[in-house]
2 protein chains.
Amino acid sequence: MADFMTAALQEAHDAKRIGEVPIGAVVVYHDQIIGRGHNLREHSQDSTLHAEILAIQEACMTLGSWRLEDCDLYVTLEPCPMCAGAMINSRIRTCYYGAMDPKAGVAGSLGNLLTDTRFNHQVQVVSGVHEQEAAALLRDFFQAIRAKRKAKKASSAPKQ
Amino acid sequence: MADFMTAALQEAHDAKRIGEVPIGAVVVYHDQIIGRGHNLREHSQDSTLHAEILAIQEACMTLGSWRLEDCDLYVTLEPCPMCAGAMINSRIRTCYYGAMDPKAGVAGSLGNLLTDTRFNHQVQVVSGVHEQEAAALLRDFFQAIRAKRKAKKASSAPKQ
């Protein structure tokens with residue numbers, strides 16, 4: 001389990017390297033990674049290209065099926081409604097995630113869409129996998145952005 | 001408003017023509033359609049290729065931005081969690097939809113994600129636009145499938 005989250009974290013690092021919010025995901029079938037993705041929203045200027053969507057799309061292509069039954073998804077951050085919905089639609093078996101997202105997460109933080117029995121499929125949820133590492137990656141990313149902004153503001157302030 | 005739903009219905013007819021569940025969507029900016037999509041799940045074998053996702057992706061490409069502020073989305077069926085989430089993520093202003101989806105709709109039927117103030121953006125919802133036409137399209141599609149299945153079953157039954 002932890003090894004697959006390590007692969008998702010590697011995807012998150014790939015996102016960070018290109019200036020994207022560091023979130024990564026992999027889809028696993030029979031102990032093999034069949035889909036990978038990292039957040040590409042800024043580079044693509046496409047609001048739908050979250051890590052999970054890209055990993056699910058690649059997994060569908062690999063299996064030649066939109067039904068990802070017996071597949072598990074590992075993602076470094078708790079999924080948003082779009083990504084949780086994509087997991088329900090693709091019949092993902094279990095979602096393992098790292099850090100919680102109190103602002104947009106719907107796999108524990110703001111309710112739980114994945115286990116909602118009103119939908120035609122439920123996804124099991126395992127949270128807190130490599131949580132510290134996933135959370136630190138995001139925290140450091142946003143701290144660096146704030147520091148850059150502060151420095152920029154200071155350098156552009158009128159001199160007394 | 002009705003004209004844009006007519007365009008969404010046209011997309012739904014395009015889906016029906018190729019054997020997909022007939023659902024269509026368009027994204028509108030300043031009275032111009034900037035994104036179109038129809039359900040392509042079966043043809044692509046990709047669980048994420050709902051009408052709304054494709055329309056949003058095209059609209060992002062047209063505007064060169066993941067922020068679809070001041071954009072409205074017209075869709076023939078009430079959105080599922082994935083598509084409602086994509087609308088929140090892309091800052092869609094208003095979602096106009098046709099038929100309700102009591103099994104998976106989250107813009108009135110099973111709660112309303114779009115107007116949920118816990119998220120960082122809310123999408124206004126206008127339901128029941130060309131509702132009869134949108135609902136009939138879906139009803140006829142599934143009736144035809146059931147009729148085909150019944151005929152096939154009857155023809156393959158052992159003769160007495």
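Heavy atoms only: backbone and side chains are in, while hydrogens, waters and symmetry mates are out. Lettering follows sequence order; numbering is per chain, from 1.
- The two atoms that bring B/Phe119 and A/Leu110 nearest to each other are CE2-CD1, 3.7 Å, heavy atoms only.
- Crowding of B/Asn120 atom CG: a count of heavy atoms from other residues, nucleotides or ligands under 6.0 Å exceeding 12.
- Among A/Ser44, A/Cys60, A/Ser47, the residue making the largest number of heavy-atom pairs under 4.5 Å with chain B is A/Ser47.
- Chosen from B/Met82, B/Arg67, B/Met87, B/Glu42, the residue pairing most often with chain A at heavy-atom distances under 4.5 Å is B/Met82.
- Listed here is the closest heavy atom pair of A/Gln57 and B/Leu49: NE2-CD2, 4.1 Å.
- The shortest side-chain heavy-atom distance between B/Asn89 and A/His50 falls under the 4.5 Å cut-off.
- B/Ile34 and B/Phe4 fall into different hydrophobic clusters, where Ile, Leu, Val, Met, Phe, Trp and Tyr are joined by side-chain heavy atoms under 4.5 Å apart, directly or via other members.
- Heavy-atom distances place the side chain of B/Thr48, and not its backbone, under 4.5 Å from chain A.
- Contact count against chain B (heavy-atom pairs under 4.5 Å) is highest for A/Ser65 among A/Ser90, A/Ser65, A/Ala59.
- Residue B/Ala84: no heavy atom, backbone or side chain, is found under 4.5 Å from chain A.
- Neither B/Leu40 nor B/Ile23 shares a network with the other; the hydrophobic side chains, linked directly or stepwise wherever heavy atoms of I, L, V, M, F, W or Y lie under 4.5 Å apart, form separate groups for each.
- Of the inter-residue distances, the one linking B/Cys80 atom SG with A/Leu113 atom CG reads 10.5 Å to the nearest 0.5 angstrom.
- Interface residue B/Ile56: only side-chain heavy atoms are found under 4.5 Å from chain A.
- Follow the hydrophobic side-chain contacts under 4.5 Å out from A/Ile53 and you never reach A/Val26; the two are in separate clusters.
- Within a 6.0 Å sphere centred on CD of A/Gln143, heavy atoms belonging to other residues, nucleotides or ligands number more than 12.
- Atom CD in B/Gln45 sits 13.0 Å away from atom CE in A/Met61 (nearest 0.5 Å).
- Under the 4.5 Å side-chain heavy-atom criterion for ILVMFWY residues, no single connected hydrophobic cluster contains both A/Val27 and A/Tyr96.
- Sparse packing is recorded around CD of B/Gln32, with 12 or fewer heavy atoms of other residues, nucleotides or ligands lying under 6.0 Å away.
- In terms of hydrophobic clustering, with Ile, Leu, Val, Met, Phe, Trp and Tyr side chains grouped at heavy-atom distances under 4.5 Å, A/Leu77 and A/Val106 are assigned to a common cluster.
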